[in-house]
Amino acid sequence: MKYSLVLVALLSALSLSAEQSASNTIGTNNEIAVNEMQKKGVSSDKTCQCNDVQNVTDKSEPVLKKNNTMLISVVGQGVAPMNTASPAQAYALAKRAAVADAYRLIAEKVKGVRIDGQDLIKNMMVKRSTVRTSVSAMVRNANVVETTFKEGLCEVEMEIVISHAQFK
Amino acid sequence: MRSRNGNSYFSRTVQVTLLLLYSFALQADEYLISYRYLVKDTILYNETLQISKAMQKCSGYPHKYLILETRDDKNLKEIINQNNQEFIEYLHKLGLNVVHNSKTSNYQYSETTILTLKTSCFKVDFNDNSVKISALK
């Protein structure tokens, strides 16, 4: 019994000393790293910035994982044409345009955008600069969450739930 | 044993009956619908909804339906005109093809978005006070 108690005490003392040595080595490693940075002319402030950058990269956009779903929310905008028969017609047309814009935004978020750029330079001067973007997709099961109409501008908030299985 | 004439009479009767049943069912049931609109610089143009009766029987099974209220009306175009908003929301739910193109030339931006429902077959059941429209998949 006595021997077993002594053995337990010895083991706990050993584990404590091992933990202390590990923390000391981490601390010395950090000190070595900071010293090396200072030798290279990098201040400690810059090392903090590096840590911040690392934190920003950790907070990346959500990714659709296997067996998961993701909610995508967009706000589309539409304007009524000038020559409408009534305010009601203006509202209906603006809403339809806003829905189309929201569908386009969903397609852009899910499928991505094809971009094509062209610059024409003549006699060392830019004559024409053109950027073209295009999206083509099939969108179904999108829901209108909220519609607002203020000063001729209609805004439609739309949501769509996409699942990983849809992209197999 | 039956004679040849007797057999042909029987088979013709069956054929005619089937043809009549088939044609009556076709008249009552299936419609072809297409929908398209264009949005240029956030303004809507050329919204078109085409509805016509199917001349041939459609394949597929009904999967999503919409029920519209009517007053014993059998004309689908009029029913849809009366419930235009509801029907177009239903078409959006079914899914539309989105084609978007934008152009920025010398810092001036213009864009065009076209939403299309390609011609699709719908099964339509006329009841006394309602119509059930189902998309065939």
Side-chain angles (χ1 to χ4, degrees), chain A residues 76-84 88-120 126-144 147 152-156 158 160 166, chain B residues 33-49 60 62-66 80-120 122 133-137:
Chain A
Q77 295 180 320
V79 177
M82 297 298 282
N83 51 349
T84 51
Q89 191 195 22
Y91 172 75
L93 294 174
K95 189 182 172 186
R96 193 87 79 238
V99 167
D101 191 39
Y103 267 66
R104 188 260 303 180
L105 288 167
I106 288 170
E108 281 186 357
K109 277 197 173 184
V110 176
K111 279 198 77 177
V113 190
R114 187 179 293 274
I115 298 177
D116 181 26
Q118 203 172 41
D119 285 341
L120 174 67
V126 178
K127 283 279 177 189
R128 191 174 61 237
S129 174
T130 312
V131 181
R132 287 171 196 271
T133 69
S134 62
V135 186
S136 181
M138 164 62 126
V139 181
R140 60 163 68 105
N141 291 326
N143 295 312
V144 175
T147 310
L153 176 73
C154 185
E155 288 191 329
V156 171
M158 287 191 92
I160 188 167
Q166 287 174 316
Chain B
I33 296 173
S34 69
Y35 178 62
R36 180 188 188 272
Y37 68 95
L38 182 149
V39 177
K40 189 172 168 59
D41 299 332
T42 73
I43 294 172
L44 183 90
Y45 297 95
N46 294 340
E47 188 181 22
T48 47
L49 176 67
H63 73 294
K64 277 181 184 174
Y65 64 86
L66 170 77
I80 286 174
N81 275 335
Q82 284 162 11
N83 303 278
N84 188 26
Q85 206 68 19
E86 219 173 331
F87 183 72
I88 282 166
E89 276 175 22
Y90 166 68
L91 292 184
H92 278 92
K93 274 277 167 62
L94 288 177
L96 299 180
N97 272 309
V98 183
V99 177
H100 173 80
N101 289 296
S102 80
K103 186 184 172 189
T104 310
S105 187
N106 295 333
Y107 307 105
Q108 282 193 326
Y109 179 79
S110 69
E111 63 172 11
T112 310
T113 309
I114 302 167
L115 276 87
T116 318
L117 171 79
K118 65 171 188 171
T119 308
S120 312
F122 290 77
I133 303 169
S134 317
L136 294 178
K137 196 177 181 180

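In what follows, chains carry the letters A, B, and so on, assigned in the order in which the sequence lines appear, proteins first and then strands, with residues in each chain numbered from 1.
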Subject >> Spacing of B/Leu44 atom CG and A/Lys95 atom NZ [to the nearest 0.5 Å] >> reply: 13.0 Å
**OP:** Below 4.5 Å from any heavy atom of chain A, which atoms of B/Tyr45 appear? Answer side chain, backbone, both or neither.
**Re:** neither
Original post:
Can you tell me how far the OG1 atom of B/Thr104 sits from the CD1 atom of A/Ile115, to the nearest 0.5 Å?
Top reply: 9.5 Å
Original post:
Centres of the A/Tyr103 and B/His92 rings: under 6.0 Å?
Top reply: yes
Subject >> Point-to-point distance, once rounded to the nearest 0.5 Å, from CD of B/Glu47 to CG of A/Leu93 >> reply: 7.5 Å
Original post:
What are the two closest non-hydrogen atoms of A/Met138 and B/Asn97, and how far apart are they?
Top reply: CB-OD1, 3.7 Å
Original post:
If every non-hydrogen atom of B/Gly95 is compared with every non-hydrogen atom of A/Arg140, which pair is closest and at what distance?
Top reply: CA-CB, 3.4 Å
Original post:
Which atoms of A/Ala142 come close to chain B, meaning under 4.5 Å heavy atom to heavy atom: side chain ones, backbone ones, both, or neither?
Top reply: backbone
Subject >> Separation between CD of B/Glu89 and CG of A/Asn143, rounded to the nearest 0.5 Å >> reply: 10.5 Å
**OP:** Between chain B and each of A/Ala97, A/Cys154, A/Ala107, count heavy-atom pairs under 4.5 Å; write down the option with the most.
**Re:** A/Ala97
**OP:** Under 4.5 Å, counting heavy-atom pairs only, tell me which of A/Leu153, A/Val139, A/Val113, A/Val126 racks up the most with chain B.
**Re:** A/Val139
Original post:
Is the OH atom of B/Tyr107 crowded by more than 12 outside heavy atoms at less than 6.0 Å?
Top reply: no
Original post:
Which bit of A/Gln118 comes within less than 4.5 Å of chain B, counting heavy atoms only: side chain, backbone, both or neither?
Top reply: neither
Subject >> Reported CG-to-NE2 distance for the pair A/Asp101 and B/His100, which is rounded to 0.5 angstrom >> reply: 8.0 Å
Original post:
Do you know which two heavy atoms are closest between A/Asn141 and B/Lys64, and how far apart they sit?
Top reply: OD1-NZ, 2.8 Å
**OP:** Using non-hydrogen atoms and a 4.5 Å limit, figure out which bit of B/Glu111 sits close to chain A: side chain, backbone, both or neither.
**Re:** side chain
**OP:** Select, from B/Asp41, B/Leu38, B/Thr116, B/Val39, the one with the greatest count of heavy-atom pairs under 4.5 Å involving chain A.
**Re:** B/Val39
**OP:** Please confirm whether the backbone N or O of A/Thr130 pairs with a side-chain atom of B/Asn106, one donor and one acceptor, at under 3.5 Å?
**Re:** no
Original post:
By a 4.5 Å heavy-atom criterion (distance strictly below it), what part of B/Ile43 contacts chain A: side chain, backbone, both, or neither?
Top reply: both
Subject >> Most contacts with chain A, counted as non-hydrogen pairs under 4.5 angstrom, among B/Thr113, B/Val99, B/Leu96 >> reply: B/Leu96
**OP:** Between chain B and each of A/Arg132, A/Arg96, A/Lys127, count heavy-atom pairs under 4.5 Å; write down the option with the most.
**Re:** A/Arg96
